[in-house]
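Since the structure comes first, as structure tokens, the remarks are kept for the end.
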Amino acid sequence: MSLDRETVKRIATLARLKLSDERVVPMQQDLNRILHFIDQLNEVDTSSVEKMESTKRVSMPLRQDIVNDGNCVDKILVNAPEVACNMFVVPKVVE
Amino acid sequence: MTNLASKAAVKNDLVRLTLAEAKEGLRQKEFSSVELTQAYLESIRQNASLNAYILETPELALEMAQESDNRLAKGDARPLEGLPLGIKDLFCTENIQTTAGSHILEGYKPPYESTVSGNLKKAGAVFLGKTNMDEFAMGSANITSYFGNVVNPWKRADGKDLTPGGSSGGSAAAVAGGLALAATASDTGGSIRQPAAFSGVVGLLPTYGRCSRWGMVAFASSLDQAGPLTRDVRDSALMLEIMAGHDPKDATSAPVEVPNFQKLIEQGVKGLRVGIPKEYRLDGMAEDIVTLWEKGAQWLKEAGAEIVEISLPHTKYSLPTYYVLAPAEASSNLARYDGVRYGLRVPGKSLDELYENTRSQGFGDEVQRRILIGTYVLSAGYYDAYYLKAQKIRKLIAQDFKIAFQKVDIILTPTTPSAAFALDEKPTDPVVMYLNDVLTVPVNLAGLPGISIPAGLSREGLPLGLQLIGPAFEEGLLFRAGCVLEQAANFKPFLER
Amino acid sequence: MTNRYFYEGATGPWELVIGLEVHAQVSSNAKLFSGAATTFGAEPNTQVSFVDAAMPGMLPVINQICVEQAIRTGLGINAEINLMSVFDRKNYFYADLPAGYQISQYLQPIVGKGYLDIELEDGNVRRIGITRLHLEQDAGKSIHDQHPEKSYIDLNRSGVALMEIVSEPELRSAEEAAAYVHKLRSILRYLGTCDGNMDQGSMRVDVNVSVRKPGTPLGTRAEIKNVNSIKFLAQAIDYEADRQIAILEDGGEIIQETRLFDSVKGTTRPMRNKEHAHDYRYFPDPDLPPLILDAEWVEKIRQNLPELPDAKKARLIKDYELSAYDASVIVSEIEIASYFEAVLKVLNPCNSKSVKLMANWLMGDLFAALNREGESIENCPISPEHLAGLMSQIQNAVISGKIAKEVFVLMWESGKDAATLIEEHGLKQMSDDGAILAVIHKILEENQGMVEEYKAGKDKLFGFFVGQVMKATAGKANPDLVNKLLKEQLVK
Ligand SMILES: [Mg+2]
Ligand SMILES: [Zn+2]
């Protein structure tokens with residue numbers, strides 16, 4: 001598969017990366033080289049994989065329902081570029 | 001040591017000691033932690049051109065060293081008391097800038113300490129600073145760091161600056177060049193073992209889940225694993241014992257005991273079956289590497305191991321599998337760098353503009369490439385063809401190892417397909433660069449432990465590494481076989497030349 | 001299906017198709033994946049851990065109680081519990097989503113298909129299918145009204161556990177949708193898995209609405225986000241039905257879109273921030289292994305489930321011969337049911353007659369007083385013991401029903417029990433034949449003319465005599481006794 005310019009721009013928007021016009025083409029080339037490399041995966045027959053699933057899988061560990069974190073507003077905000085009223089500040093969001 | 005002259009001589013030698021030797025020296029009061037630390041700080045100053053550190057913390061180091069000396073004097077020493085280490089800048093260190101090699105985190109001071117660095121701190125280690133690395137650990141040559149590339153202390157005959165490998169290039173160069181006794185590193189596709197091979201040091205990738213990932217900046221969560229870079233195998237065991245351990249704050253941390261690895265080291269390989277995977281003999285692999293590999297097998301055989309040819313049939317697909325899964329996870333893991341709560345903010349008129357400005361200026365090219373690939377392979381309509389397919393092949397790769405380990409106890413391969421290359425020879429095609437990790441990536445995909453042991457020199461006189469791969473949680477086997485290789489190879493590290 | 005399910009348009013009847021996604025906040029002390037508190041109304045960013053703020057290197061670890069609450073809720077809506085479920089990342093950028101993804105469950109939720117029964121005003125019961133229930137993180141809160149050009153972000157809610165409960169598109173009217181949410185809320189509150197406080201955002205409803213001509217395929221739907229009261233839900237659906245029908249009858253097309261409900265105007269409008277076409281790029285969260293449940297644990301939770309509204313209603317009807325309507329009202333809110341059962345425990349005698357009497361007092365005078373005073377039943381000044389006490393005073397004929405109303409008011413005001421108040425105010429019923437007879441004789445004496453008229457056949461006057469006796473005894477005479485004695489005297 002190979003990516004056209006529009007797709008490159010669309011995924012850049014999804015990823016919130018600004019691609020200036022002069023960067024689109026080189027990026028498109030790089031991405032297509034990588035995707036071409038990845039396309040080798042199509043050679044592999046993966047139809048047997050489902051059955052391979054081991055039966056005794058480990059579960060995620062569970063935490064107790066105890067409040068033992070938070071209450072550290074200063075530490076939460078200390079690295080923030082803009083703060084007001086103990087909140088993070090961003091340009092106005094319209095819903 | 002009684003007279004000044006011999007003391008000075010020792011001081012010069014201090015940066016050549018292994019961790020275990022330095023520990024013994026401190027115990028015997030041959031030198032103090034402050035002296036040891038000063039020797040390293042001085043070495044860092046003298047070797048500033050290697051650019052091994054993003055941030056040096058000399059005041060803090062001397063403070064920690066003083067505290068260690070106090071404890072040593074009281075006979076209250078902890079396991080790594082007073083030993084100066086480099087910490088890869090991927091590990092969050094409380095109130096000390098942590099950047100992961102990225103502009104987007106420049107100036108970020110975490111209000112918390114990662115579990116791994118915290119374990120080392122609690123064991124009494126002295127932190128010299130934060131070592132340089134590829135941005136977000138994405139790279140194999142340490143050239144994607146926002147803070148400049150790292151230079152390998154080793155030189156080729158033509159005198160060109162070489163890469164130390166990556167992404168843990170700063171840690172590798174520091175350990176090889178006498179800028180740290182040992183260092184923390186992380187390995188997602190080879191980022192400990194490849195720089196270890198390029199820099200002539202020992203690099204251990206522990207089993208996935210052996211070391212906590214809490215507080216380690218994430219690249220690809222299902223592959224990332226912390227491990228040590230050290231001057232020899234014993235030091236590797238010593239570091240792992242402290243870094244490892246179950247951490248309830250990481251749901252993928254394994255609830256298993258950490259054995260006394262140091263005790264296992266000398267047990268040898270008598271009776272062990274060593275697998276040689278035929279698929280690792282790549283087309284056009286350099287002759288010196290093939291020869292070294294054969295030598296390695298011979299050394300193990302002479303030490304009483306049995307050599308068995310094995311097959312890992314899906315090896316070829318490891319790298320493309322990795323280049324689907326790692327970018328997919330990274331694209332999501334790196335979404336949090338948005339200029340709102342910490343790190344770089346490049347303003348914009350709208351929130352989306354702020355995001356785009358911040359992220360396109362905050363991330364370097366390689367990171368942006370991987371975010372885009374990852375975004376694409378997860379996007380609607382492509383998930384099954386790429387992500388799901390790669391997950392299935394990952395299972396096949398893990399299955400290959402499982403089957404192999406029914407036949408053998410341990411696997412021997414080269415670590416890299418070539419020796420370190422010159423920084424001005426770096427490939428422009430990203431895929432060519434990715435090939436550096438072709439022998440290391442399968443181990444991460446299978447979640448297994450691997451170690452790179454410096455074992456010889458290339459035709460050009462550069463270090464080459466041999467890789468040992470073990471079953472999950474059998475790092476002890478790696479240390480045993482690694483120790484045999486180390487002794488047989490009698491490799492002279494950079495500092496001994 | 002009757003015509004009441006169709007909305008009349010100019011071109012004939014339209015059928016409404018409604019599916020609901022309810023986000024219910026899990027009752028827990030700590031968040032789904034962090035140890036920060038979940039209390040409502042805390043100061044900004046005080047209930048935020050490094051995990052909730054998505055600091056670099058932070059990792060989620062799941063809260064056992066949240067898992068247990070999801071299982072309990074699943075069992076309460078008659079659903080299958082999936083012994084293996086998976087947490088996925090839903091990726092999108094938003095100001096109040098710090099990690100750039102929400103941890104949610106996509107392909108393998110913890111709870112699968114279930115159902116609940118809703119009861120409509122006409123007494124009909126409909127079974128509504130539930131597609132799934134999954135656990136997920138709540139987002140933070142964006143505050144837009146503090147500054148003209150800026151939004152402020154408070155992450156206190158970020159990471160709080162939510163259960164998203166998705167219904168099948170089987171609801172056909174605003175009334176049904178409201179009944180569904182009411183029933184679901186009631187079940188959650190019985191189970192103790194969500195406090196159901198819609199005004200605090202503990203329960204929010206996303207409504208999918210489409211219309212179609214009966215018997216035709218599904219129409220294009222609009223999704224109305226975050227409706228936060230049952231009243232608004234009905235308004236939003238009615239508005240949306242009218243809007244869609246009008247567009248279609250004008251020859252227009254419905255656009256699939258997300259809309260917001262304006263509670264002031266009672267209308268819906270498209271979200272202004274259309275965002276870039278969503279592509280959530282779901283994939284399993286690599287920080288979290290699958291959640292594998294022990295079947296025995298699930299069984300234990302099942303065995304410890306409380307009695308739920310439907311079962312309780314059936315039991316009240318069977319054991320106490322309550323009417324279906326009364327039983328419905330009593331079980332509709334867990335607090336009413338608890339109060340009712342607390343009275344039952346001490347009611348003496350406790351038989352269908354006394355229970356019926358008590359139910360009438362509860363749903364009559366007690367509800368009226370609570371309503372008037374704006375009090376909730378948990379804070380009712382008349383304790384269940386005291387209400388039971390009042391009932392026995394009536395049953396034992398210590399006071400009449402009329403006096404009881406007076407006693408009730410005194411109980412409400414003083415918090416004292418009925419017996420004490422009757423004593424203090426001398427309200428005890430006269431049940432002494434002699435004393436009542438004396439009053440009767442006096443009344444009949446004073447109204448000789450009327451006695452004659454009565455005897456001549458004017459039966460209606462009997463009530464007059466009763467009234468006079470009651471008046472003379474300040475209502476304390478036992479009415480049954482008055483009746484009996486009066487009849488005896490008047491035939492003489
Ligand atoms: Mg939804
Ligand atoms: Zn949801």
Side-chain angles (χ1 to χ4, degrees), chain A residues 1 3-19 31 35 38 41 46 49-95, chain C residues 28-31 33-39 43-53 55 61-68 84 87 91-96 100 140 142-144 146-156 260 271-273 276-277 279 281 288-294:
Chain A
M1 263 177 267
L3 298 182
D4 56 25
R5 276 178 64 106
E6 284 321 301
T7 310
V8 173
K9 284 184 167 171
R10 186 176 60 80
I11 60 174
T13 305
L14 263 182
R16 297 299 185 274
L17 291 172
K18 187 156 76 186
L19 275 190
L31 297 182
L35 284 175
I38 289 169
L41 296 182
T46 48
V49 173
E50 242 67 64
K51 284 166 253 149
M52 224 174 66
E53 206 70 62
S54 89
T55 43
K56 43 175 190 216
R57 293 178 72 174
V58 278
S59 178
M60 63 167 76
L62 307 173
R63 208 184 74 239
Q64 293 298 300
D65 182 31
I66 296 165
V67 176
N68 55 11
D69 211 338
N71 212 356
C72 55
V73 61
D74 294 342
K75 287 180 178 179
I76 293 298
L77 300 171
V78 66
N79 283 287
E82 194 180 346
V83 170
C85 314
N86 274 352
M87 288 184 274
F88 301 101
V89 179
V90 296
K92 193 154 200 108
V93 179
V94 191
E95 281 186 333
Chain C
S28 64
N29 298 317
K31 293 183 179 179
F33 292 113
S34 90
T38 58
T39 326
E43 288 299 307
N45 289 309
T46 54
Q47 295 184 164
V48 182
S49 74
F50 302 139
V51 177
D52 308 319
M55 299 276 187
V61 181
I62 202 163
N63 182 340
Q64 178 183 340
I65 290 299
C66 298
V67 175
E68 197 173 322
M84 188 181 105
F87 283 87
N91 294 282
Y92 63 98
F93 283 87
Y94 203 66
D96 50 25
S142 303
I143 294 143
H144 306 303
Q146 299 272 308
H147 189 284
E149 288 112 44
K150 294 184 189 286
S151 292
Y152 292 178
I153 315 294
D154 172 13
L155 297 180
N156 278 349
L260 291 175
M271 280 182 86
R272 256 179 288 172
N273 177 14
H276 316 265
D279 184 342
R281 291 158 285 138
L288 294 164
L291 176 63
I292 297 166
L293 303 175
D294 180 1

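Predicted model, so just to flag it, every value in this text is computed and none were measured. No hydrogens, no waters, no symmetry mates; every other heavy atom, side chains included, goes into these values. Naming: A, B, ... by sequence-line order, numbering from 1 per chain.
Summarising the geometry of Arg63(A) relative to Ala30(C), their closest heavy-atom pair is NH2-CB, 3.7 Å, with the distance given to 0.1 Å. The heavy-atom pair separating Asn63(C) from Gln64(A) by the smallest distance is OD1-C, 4.1 Å. The heavy-atom pair separating Met60(A) from Ile62(C) by the smallest distance is SD-CG2, 3.5 Å.
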Please output the side-chain donor-acceptor pairs of residues 71-78 of chain A that fall under 3.5 Å, not counting sequence neighbours, one pair per line with the distance.
none

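Atom CD of Glu82(A) sits about 7.5 Å away from atom OH of Tyr152(C), to the nearest 0.5 Å.
Using a 4.5 Å cut-off on side-chain heavy atoms (C-beta onward), Arg10(A) and Asp279(C) make contact. By the 4.5 Å heavy-atom criterion applied to side chains, Leu14(A) and Arg281(C) are counted as neighbours. In this structure, the side chains of Met87(A) and Ile143(C) come closer than 4.5 Å at one or more pairs of heavy atoms.
For the side-chain contact (heavy atoms from CB on, under 4.5 Å) test with Ile65(C), the passing option among Asp65(A), Leu62(A), Ile66(A) is Asp65(A); the others fail.
Among the candidates Ala95(C), Gly140(C), Pro148(C), the residue making the largest number of heavy-atom pairs closer than 4.5 Å to chain A is Pro148(C). In terms of heavy-atom pairs under 4.5 angstrom with chain A, the leader among Thr38(C), Asn156(C), Leu293(C), Asp154(C) is Asp154(C). No other option in Ser28(C), Ala53(C), Cys66(C), Ser142(C) has as many heavy-atom pairs under 4.5 Å with chain A as Ser28(C). Among the candidates Glu149(C), Met55(C), His147(C), His144(C), the residue making the largest number of heavy-atom pairs closer than 4.5 Å to chain A is His144(C). When each of Gly100(C), Ser34(C), Ser151(C) is scored by its heavy-atom pairs under 4.5 Å with chain A, the top score falls to Ser151(C).
Residue Val61(C) touches chain A through both its backbone and its side chain, counting heavy-atom pairs closer than 4.5 Å.
The backbone N or O of Asp69(A) lies less than 3.5 Å from no partner atom in the side chain of Ser49(C), so there is not a single donor-acceptor pair.
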